[in-house]
Every structure is written in C-alpha cells, then in structure tokens.
Amino acid sequence: MYLADRTTPTGTTRSPSGGRVRGTLRAASPTVLALGTVSLITDVSTEMVTAVLPLYLVFGLGLGPLGFGMLDGVQNGVSALVQLAGGHLADRVRDHKLVAGIGYGLSALVKPLLLVPHLGALGVSLALDRTGKGLRTAPRDALISLSAPPERQGRAFGLHRAMDTTGALLGPLVAFLILGMAAGGYDAVFTVSGCVAALGVLVLLLFVPGGQRRAARGARPAGVPVRGRTDRADRADRAKGPAADAEARVNLRAAFGLLRTPRLRALAGCAVLLGLTTVSDAFLYILLQRRAGVGEQLLPLLPLGTAAVFLLLALPAGRLADRIGRRTVFLAGHAGLLLAYALLLWSPDTPALPYLVLALHGTFYAATDGVLPAAVAAVVPAPLRASGIALVGTGQALARFCCSLAFGAAWATWGDGPALAVAAAGLACCAAVAGVALRPSEGRR
C-alpha cells in the first residue's frame, strides 16, 4: 500500500481529519487502489441483487420460506467451499490476477440467468455467482498483501475494505432507485447489475497489474543455489522449517503443511472458534427489529447502518492494527460484537438501541474483516499467500455457517432470548481462549 512512500505521509501530520485520508490515498499502492475500485463496482452489482432478491422471490415468484432458505444456504455455503480451491489454484499457476479475474468474470456472466423467472435458473445463477466470489477472494487478498510492506498490511486491507463497503452502500440505493422509476422492474435491476459487474471485470483487466509471478520467483527448487549466496545462507534458509520449505514448491501438501506453522495454526484455530459463536447478520437484524421495535418496512435498511460504520472505521482500524497489534484489534472487534449481544439481551427502552447495536456491529467488521487476512499474510510465505488466506477464510466461513444452523435450531427450540444468551456466553469464552492462543503473535504481527 505504501510502496511509493514508506515514510509518514505529509498529509498525516498536517491535517488530522481529512489530510490523513488524503495522505493514505496518495501513498497507496496502485494495485490496492485498483482492486478497491474493482470491489466497489462489483459490490454495487452484487448488493443491487441482494437488496431486491427477497422481494422478487416472495412477491414476484411467490416463493415460500423453505425455498428462500435453500437459496440463502446456496449463497452462503458455496463461496466458503470454493475459496480454498481458488486460493490454491492462484498459487499453483502463480498468477493471482488470472484466477481473481475468472472469479469476477464468472459472477458477471451468470447475471443474465436472473432474468429467467424459474427457481432452478435462480439457484444456478446464485450458486455460480458465489462460486465466482469464492474463486476471487483469496487471490484478491493475496494481491493486496503482496503489494504492501509487512508493517502496513492492515492499512492496505483497511483501505480496500472501505472502498468495498462503499459499493455495498451504493448497491441497494441504486436498486431501489430503479424500482422507484419502474414499478416491479426487477428485470431492469438485474440487467443494470450485469452491466455494472462487467465494468468491474474491465477495470480489473486494465488497471490491476499482473506481475504476481515476480513474487513467486523467490521460490526455487531445493538444492539449486542462487548466485551471490553462500552455503551458510542456504543452510540458514533450510533451517527455517515448513515456511521456508514452502518456498520451494506449491502443491496441496505444501498448502496444508502451512498449518504446521504455529502462528498460522493459532490464527486458523481462533478464527474457527470465534466463527462458531458469530451469529449471522440476518439473525442479528431480525433480533434487532423485534427487540428495538423497528418497523418491518425498515428492516432492509438495517444492513446499511452496519455498512456505514464499517466504511468509516475500516481504514482507521487497519492503521491502528499496524500500530498496536492485529491481535489486539481483532479481539477488540469481537468484544464489540459481544457488547452488541448484551444490548440485545438487555433491550433497554431507548430509541438509541438500534444505533448502538448497528455501530457495534459495524465496528466488529471494521476490526476483523481486513485485520485477519493482514495477520495471516504476515506469517505465510509469498508463494503460498493465497492458500494461507484461503485456509483461514474457509475455516471461518464454515464455522459461521455452522453457527447459523445451530442458532436457528436453538431459536426454534428455546426462543430467541436463550439462543442469543448461549451465543454470547460462547463468544465470551472463545474470545478469552483466543486471547491466550494468539499471545505469541502479539505486536506488529
């Protein structure tokens, strides 16, 4: 992110308010800015569909809760399963831009299937769209990490997530604007969404550098000397263990062998553990709507509150993580989520409750969504960067999916209050365990 200027940006010291952001943008790597623009455009396209899909399925196609639940499961499950394959493929072919481009392109190509008023076509479209998301996530994050110096990984991911979330805010607004101009104009929304997605692919092809093979050139077959290096230096590299050995090859065995690295194993374990107690956004918004007395017509707007806070805090949280430690910020984000659970359980009779819960929810994402891959990037060698990020991301996504299933079953059995109390207690315990497990990586790691 700061390859152009590794010193403190001038704007940071002169203007604490706007100058800091301007200094960050001036010093940002072109790769981070280009990928942020691609994500912004793509998220506009994706969130346009996400915002109107429930209305289209229920009122347009008359779909019942079971069918809607199945499609929602397709959306959330496919991406997690494909992410690992996308990360390994990007490392294997040593071209992260190529694999990310395939993912973005696949999501754009299947948008026309949304125009077919049939549940099967919709299911195929959503599954392929999520497949594209799974393919591109790890290679994209690897591109970000490889374009930023280690001490400023958090800022690079924070800037990218801020730009990405801008698209998440604009997408629903564009969709509802189109629907307002053309009543029942779902086809118009889907058509515009496809065009916007194609624009994102074009920006990726034109402006994102494709020189990822340079990062992989540091890998060399075992036993092949490098000019200018002594045998003593070679022996020192071989003594570094699995991380250094991974530099010599890229295959599935080497990718999963990353888990032998203690710091990555701790990060992956804690991400899974905390994911098992992270209630899905949909459940949290429904709980907030019920307990805070928010009108049902305002329910679709609640995610915008989370996204707005995420947008404002993503970059500051990344900068803070680089300064005081990613472990500290990551755990603080989960503490904020725990406080949101506590407020929902308490349900004080105050009009500020929805704003407080959404602010804490957005803070949670700002402190974790970009900080975790930044922490992973610090302990994974460049040739296996996408695989390492995918390992942790897949484990976390599957854990959150399991949490959603368990929370839904607990809600149906005991009610929403006891289910949330169990989730809050589990999150408190898991956060305490994660605090101990991640202690060796405290600091700038």
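FYI, the numbering just counts along the sequence from 1. Please read these numbers as outputs of a predicted model, since none were measured by experiment.
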Between [X] (side chain) and [Y] (backbone), is there a donor-acceptor pair under 3.5 Å?
X	Y	result
Ser45	Ile41	no
Lys97	Pro209	no
Thr261	Arg263	no
Arg265	Arg260	yes

When the side chains of residues 391-403 are checked against the rest of the protein, which donor-acceptor pairs come out under 3.5 Å, sequence neighbours left out?
| residue | atom | partner | partner atom | Å |
| --- | --- | --- | --- | --- |
| Thr394 | OG1 | Ala80 | O | 3.4 |
| Thr394 | OG1 | Leu84 | N | 3.4 |
| Thr394 | OG1 | Ala390 | O | 2.8 |

Considering non-hydrogen atoms only, spot the tightest contact between [X] and [Y] and give its length.
X	Y	answer
Leu311	Ala162	CD1-O, 2.9 Å
Leu372	Ala271	CD2-CB, 4.0 Å
Val279	Leu284	CG1-N, 4.3 Å
Leu143	His96	CG-CB, 3.7 Å
Thr306	Tyr285	OG1-OH, 3.0 Å

My understanding is that only residues two or more places apart in sequence, or in another chain, count here; which of them pass side-chain contact (heavy atoms from CB on, under 4.5 Å) with [X]?
X	result
Val124	Leu113, Leu128
Ala292	Leu288, Val294, Leu353, Pro354
Ala432	none
Thr363	Val309, Leu313

(request) Just grab all the ring pair (Phe, Tyr, Trp, His ring centres under 6.0 Å) pairs involving residues 372-397, residues at least two apart or on different chains. (result) none

(message) Quick test of your reading: applying ring pair (Phe, Tyr, Trp, His ring centres under 6.0 Å), list the pairs with at least one residue in residues 366-386, sequence neighbours left out, ordered by first then second residue.
(response) none

(message) Can you list everything that forms a ring pair (Phe, Tyr, Trp, His ring centres under 6.0 Å) with His88? Sequence neighbours excluded, please.
(response) none

(message) With heavy-atom distances below 4.5 Å as the criterion, would you say the side chains of His334 and Phe364 are in contact?
(response) yes

(message) Does anything in residues 354-378 form a salt bridge (charged side-chain N to carboxylate O under 4.0 Å, His left out)? List the pairs, not counting sequence neighbours.
(response) Arg161-Asp369

(message) For Thr165 and Tyr365, which I'm curious about, is there any donor-acceptor pair between the side chains at under 3.5 Å?
(response) no

(request) Just jot down the side chain to side chain donor-acceptor pair (under 3.5 Å) partners of Thr277, sequence neighbours excluded, or say none. (result) none

(request) List for me each residue that meets side chain to side chain donor-acceptor pair (under 3.5 Å) alongside Arg136, sequence neighbours excluded, and say none if there are none. (result) Ser107

(message) In this structure, is the centre-to-centre distance between the rings of His361 and Phe310 below 6.0 Å?
(response) no

(request) Decide side-chain contact (heavy atoms from CB on, under 4.5 Å) for Val82 and Lys133; before the verdict, give the C-alpha distance in whole Å, the side-chain angles of both, and the deciding distance to 0.1 Å. (result) CA-CA 8 Å; Val82 177; Lys133 178 176 176 57; over 6 Å; no

(request) Test side-chain contact (heavy atoms from CB on, under 4.5 Å) on Glu47 and Thr50 and set out the steps. (result) CA-CA 5 Å; Glu47 295 303 322; Thr50 302; 3.8 Å; yes

(request) For Arg291, check salt bridge (charged side-chain N to carboxylate O under 4.0 Å, His left out) against everything at least two apart and list the hits. (result) Asp416

(request) Take the angle between the ring planes of Phe407 and Trp411 and call it parallel below 30°, perpendicular above 60°, tilted in between. (result) perpendicular

(request) Output the distance between atom SG (Cys430) and atom CG (Leu274), rounded to the nearest 0.5 Å. (result) 6.0 Å

